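Below, chains carry the letters A, B, ... as their sequence lines are ordered, and counting in each starts from 1. Predicted model, so just to flag it, every value in this text is computed and none were measured.
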2 protein chains.
Amino acid sequence: MKKYLDKLKKNNLKITSKRVAILELLERSGEALSPEDIRNELAAKFEKVSYPSVYKNLEDMSRIGVLAKIARPDRRLYYALCRAREDKHHHHIICSKCGKVGEVEECDLFRRKVINGYRITSHFLQLEGICSDCGK
Amino acid sequence: MKKYLDKLKKNNLKITSKRVAILELLERSGEALSPEDIRNELAAKFEKVSYPSVYKNLEDMSRIGVLAKIARPDRRLYYALCRAREDKHHHHIICSKCGKVGEVEECDLFRRKVINGYRITSHFLQLEGICSDCGK
DNA sequence: CCTTAATTAGAAATGATTTCTATTTATACC
DNA sequence: GGTATAAATAGAAATCATTTCTAATTAAGG
């Protein structure tokens, strides 16, 4: 958490309770969440949470590289903690029934620099399935 | 072009002048275009072109696999002709600068039945990068 | 041709995101 | 610790890509 807050300071973004709560939520969940998801979670913790400040915080924090912004075919934007340094490269798989999220490390796209003439700048992989509990 | 029209027929989509014009436009441009781009191009050719039918055509044709739908961080949807061999599993990569779309066949996830205990039901992979022309 | 179901245009609605503005708050400096 | 000030915030209203609704038109099979 400290390294994210340091990065905020370094970029002249103040350490506000809302920003800390957003970062903690994204760290805890490990998923890409929508602004609406995030506002709803924060609403349980704070008396007042406005959409504009949630949107602005997500945008500001992704601009400085603390968060990753993800575009999906539902035309909504999703945000996830950018864990650039730590951990292994991975993606998430979501259980269609219970919503449980697991990690998928079988992805070697991050090693590829060029595919079919394109120098890759980003890739987004999303998996859906039935987890072992629900599949019994 | 014929193979696209055949696929429309096979899926009970009629061969209308608007659909043909959309396919020709996408084939000619080779890029992923927005519904707005497409409507504007068509407006030069037809007296009347409504947004709802452009949107519906793009959605219908991507549903049956003739077009690929691409979500980008500007929160708009883009559509490109799906040129890969029909039966070959593939994904798409879009150039961040010029919008050119290429096919990516290096994906072996579709062969995996189970990952990390999850029985996979679907996966979505989207790549972004700089194409060879723009990278010069 | 004729019939019928699909397609279309236009107007209005939708809903995620953004803008605007006045108030509050974090932080640098004393 | 107190204060100035620039950033952050909430709430109301606006924006704009996309969708819904409806009646008129059209493709395609018989």
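Comparing C:dT8, C:dG10, C:dA16 by their nearest atom to the side chain of B:Lys48 picks out C:dG10. Of the listed nucleotides (C:dT7, C:dG10, C:dA26), C:dG10 has the atom at the smallest distance from the side chain of B:Pro52. Side-chain atoms of B:Lys56 lie closest to C:dT7 of the nucleotides C:dT7, D:dG11, C:dT17. Here the nucleotide nearest the side chain of A:Lys18, chosen from C:dT7, C:dT8, D:dT9, is D:dT9. Of all nucleotides listed (C:dT27, C:dT7, C:dG10), C:dG10 comes nearest to the side chain of B:Ser50. Ranking C:dT17, C:dT8, D:dT9 by closeness to the B:Arg19 side chain, first place goes to C:dT8. Of all nucleotides listed (C:dT8, D:dT18, D:dA8), D:dT18 comes nearest to the side chain of B:Leu77. Comparing C:dT17, D:dT18, D:dA8 by their closest approach to the side chain of A:Pro35 singles out C:dT17. Checking C:dT17, C:dT8, D:dA17 against every side-chain atom of B:Arg75, the shortest atom distance belongs to C:dT17.
Of the charged side-chain nitrogens involved, at least one lies within less than 4.0 Å of a carboxylate oxygen, so that B:Arg63 and B:Asp60 count as a salt-bridged pair.
Regarding contacts with the backbone of D:dA27, every side-chain N or O of B:Asn12 stays at 4.0 angstrom or more from both OP1 and OP2. Put simply, A:Thr16 has no side-chain N or O that comes within less than 4.0 Å of OP1 or OP2 on D:dA7. Side-chain N/O atoms of A:Tyr55 include one lying less than 4.0 angstrom from OP1 or OP2 on C:dT17.
With contacts defined as side-chain heavy-atom distances shorter than 4.5 Å, the pair B:Lys69/B:Glu59 qualifies. Side-chain contact between B:Ile22 and B:Tyr79: absent, with no pair of heavy atoms (C-beta onward) separated by less than 4.5 Å.
When hydrophobic clusters are built by joining Ile, Leu, Val, Met, Phe, Trp and Tyr residues whose side-chain heavy atoms come closer than 4.5 Å, directly or via intermediates, B:Ile130 is not grouped with A:Ile115. A:Leu67 and A:Tyr51 are members of different hydrophobic clusters when ILVMFWY side chains are connected at heavy-atom separations under 4.5 Å.
To the nearest angstrom, C1' of C:dA6 lies 9 Å from CG of B:Leu13. Atom CD in A:Glu59 sits about 17 Å away from atom C1' in D:dT9, given to the nearest Å.
Here A:Lys14 lies in heavy-atom contact (under 4.0 Å) with a base.
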